[in-house]
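Since the structure comes first, as structure tokens, the remarks are kept for the end.
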Amino acid sequence: MNQSPASTEAVPRLARVIPRDGHPISRSKISPEALRVLYRLREAGFEAFLVGGCVRDLMVGLEPKDFDVATDALPEQVKRLFRNCRLVGRRFRLAHVFFGREIIEVATFRASGGPPIADEVDDTEEDIVDPSILDDEDLDADDGYEDDGIARDANGDINGNIDPHYVPQPTGAHPASGGMVSGQGGERLVDESGRILRDNVYGSIDEDVWRRDFTCNALYYNIADFSVWDYCGGFEDVQARRLRLIGDPETRYREDPVRMLRAARFEAKLGFSFDPATAEPVERLRELLGGVPPARLFDETLKLFLTGHGVRSYEVLRAHGLLEMLLPNVADFSRRYPGSPPEQMLLRGLADTDARVRADRPVSPVFLFALFMYGPIGLRIEQAPRRMWHDTSTILDAFDDVARAICQRIAIPRRFMLGVREMFLMQPRLEAPRGRRALRTLEHPRLRAAFDLLQLRADFGMADPAIVEWWGKLQAASPAQRTQMSASAAQEGAGPGEGGDDAAAGGDGDGPRRGRRRRGGRSRRGGRGGSSGA
């Protein structure tokens, strides 16, 4: 199959070299482990560059979350250089060099026309694994590890016996409805829509740059002389905070539809604005995201919403019509009930998550998806008679329907979905504390997350603030005080919220509704997982 138009257009083959005094990147801002990899590759006779998002972030004054390396060394050669190295990826063969918890990703220069690598595409074997067993994945156990990450011989000297011209055998054909191009070290497979299925055709840095997606991600930092290489005007685009695709935008989106989500993420994270030609095809081509593996969309969703710019990502996705491709039922709810209490709660929860990321505190995908699912689950619950809104079976049925629709687009691992379900099922228990069961609830592993959700609901009139205050005091109380408080709640029957379960039914923005206590001292069980918001 012929190369795409993005790779065949007339382009200069020599980079504009920006010397050290012409750019703001300093080695003091680069990870020591990344520098080790760069210098080791250079010592072995290979070219070595930092590339992609780390160069971009260093230029705009941000601290990169990771450092990616591009080289003319083949993956097998990198593995022979670093004993603490593992080769990953079926679509795109990459080398991961491990330094404790830090991973330096090393990619071989590839021939032009393929989708991005490293920060641009995190597409390893995990993308095709059943997401329900991702937590059971076992890493290769036969790779040796050295503290300094450098392969050495028996005498402890650096092992330089690597043939820089070594070429592995091609990996062979792979069935596809498109076509295959064979080349040095592998092949490229493309389906009928133009999406790259496999890309292991190696090339030079002059070819590699045209395979990358955005100009801001196509800057190379050369460790040999600390210069920055720019082939396509990316240096000026970063300075202008402009987001521009390399080559024909429609072709590049068809090669890899996830580029539309990545563009939205860069707009949200960096404040970059879309170049008009880059923005124009998005509305026409967004349906292509339906053909992206759901496991990969899960990874992109976490990058959008759990890296410190969740609120802005939500706004950008809505503005470009991409939210309905990623989370259709969430987009439908926001379109039908704009500004409703559940949507306000979602935005507040995203803002709180952003604040936690900035403070370097842990964040959870479980809480994120609970926020997204709250409004749609509430709509599904309200299809049942009001007297059944707080029944466990009603909540479970609503949860299953909404979760099934989301998982058709995003492969959320089972352990996360189980956590979300527990958060919703705990809402009635939190709103109707009774005696010893309240004390048992304190030991539930999802109590903190479920309580945070209850607190958010109360802030927007969907739960009784009194019950939130009671649980806050119970968690801070001594064991003796907890026993006394739970006993008092059992005697009162309805708990401190005076029928606070019905208060959760007030999702219409008119404030919490106080339920009437039943005869016999027991209140209606409530606190459904959703809210009408209508």
Side-chain angles (χ1 to χ4, degrees), residues 15 17-88 94-110 116-120 122 143-153 156-162 164 204-205 208-209 212 216-231 234-235 238 360:
V17 178
I18 303 164
R20 174 62 190 90
D21 58 3
H23 64 78
I25 300 176
S26 169
R27 277 178 294 170
S28 64
K29 303 296 183 182
I30 300 175
S31 159
E33 287 72 25
L35 290 174
R36 284 186 184 182
V37 173
L38 291 168
Y39 281 122
R40 180 66 189 98
L41 286 167
R42 187 183 175 213
E43 290 170 1
F46 298 108
E47 292 181 307
F49 296 81
L50 284 182
V51 66
C54 60
V55 179
R56 177 201 66 220
D57 289 351
L58 288 169
M59 282 193 58
V60 298
L62 297 178
E63 181 180 353
K65 63 180 177 63
D66 50 35
F67 292 86
D68 300 319
V69 173
T71 180
D72 57 348
L74 296 169
E76 291 77 8
Q77 293 173 314
V78 176
K79 185 173 176 66
R80 292 174 64 184
L81 274 174
F82 300 95
R83 295 171 62 185
N84 52 329
C85 176
R86 178 190 178 208
L87 300 186
V88 301
L94 305 169
H96 283 179
V97 183
F98 292 83
F99 296 91
R101 296 176 63 91
E102 183 171 3
I103 300 174
I104 305 300
E105 190 164 87
V106 183
T108 304
F109 298 141
R110 286 185 172 87
I117 49 175
D119 172 70
E120 289 70 17
D122 185 12
D143 291 334
Y145 286 81
E146 293 277 343
D147 290 340
D148 60 1
I150 296 176
R152 300 177 183 274
D153 60 22
D157 297 325
I158 293 177
N159 184 355
N161 297 325
I162 297 179
S204 66
I205 186 173
D208 185 83
V209 66
R212 296 186 175 272
C216 64
N217 293 331
L219 296 173
Y220 295 74
Y221 175 82
N222 187 4
I223 195 61
D225 59 3
F226 320 124
S227 62
V228 171
W229 290 19
D230 179 13
Y231 286 82
F235 191 80
V238 170
D360 200 25

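All values below were derived from every heavy atom in this structure, side-chain atoms included, with hydrogens, water molecules and symmetry-related copies excluded.
Note that the NZ atom of Lys79 and the CG atom of Asn84 stand 9.5 Å from one another [nearest 0.5 Å]. In this structure, SG on Cys85 lies 10.0 Å from CD on Glu76, to the nearest 0.5 angstrom. Note: Phe67 CZ to Ile104 CD1 = 7.5 Å, rounded to the nearest 0.5 Å. Of the inter-residue distances, the one linking Thr71 atom OG1 with Arg40 atom CZ reads 11.5 Å to the nearest 0.5 angstrom. Note that OG of Ser31 and NZ of Lys65 are 13.0 Å apart. Values are rounded to the nearest 0.5 Å. For the atom pair CG of Leu35 and CG of Leu50, the computed distance is 7.5 Å after rounding to the nearest 0.5 Å.
Two residues are said to be in side-chain contact when any heavy atoms from C-beta on lie closer than 4.5 Å; Ile30 and Leu58 meet this criterion. Annotation: side chain of Phe235 is in contact with side chain of Met59 (closest heavy-atom distance under 4.5 Å). For the pair Tyr231/Ile205, a side-chain contact is recorded, criterion being any heavy-atom separation below 4.5 Å from C-beta on.
Formation of a donor-acceptor pair under 3.5 Å by the Glu102 side chain with backbone atoms of Phe99 is not found in this model. Panel note: side chain Asp68, backbone Gly52; no donor-acceptor pair is recorded below 3.5 Å. The backbone N or O of Ala73 sits less than 3.5 Å from a side-chain atom of Thr108, completing a donor-acceptor pair. Looking at Arg20, its side chain does come within 3.5 Å of a backbone N or O of His23 through a donor-acceptor pair.
Closest of all the heavy-atom pairs between Asn217 and Val51 is O-CG2, 4.3 Å. Between Gly234 and Leu219, the closest heavy-atom pair is C-CD2, 4.0 Å. Taking all atoms of both residues into account, the shortest heavy-atom contact from Ala48 to Leu38 is CB-O, 3.6 Å. Closest heavy-atom contact between Pro64 and Leu62: CD-O, 3.4 Å.
Among the candidates Ile223, Asn222, Asp72, the single residue satisfying the side-chain contact (heavy atoms from CB on, under 4.5 Å) test with Glu47 is Asp72.
Arg27 is linked by a side chain to side chain donor-acceptor pair (under 3.5 Å) to Tyr39, counting only residues two or more places apart in sequence or in another chain. Not counting sequence neighbours, the partners of Tyr220 by the ring pair (Phe, Tyr, Trp, His ring centres under 6.0 Å) test are Phe49.
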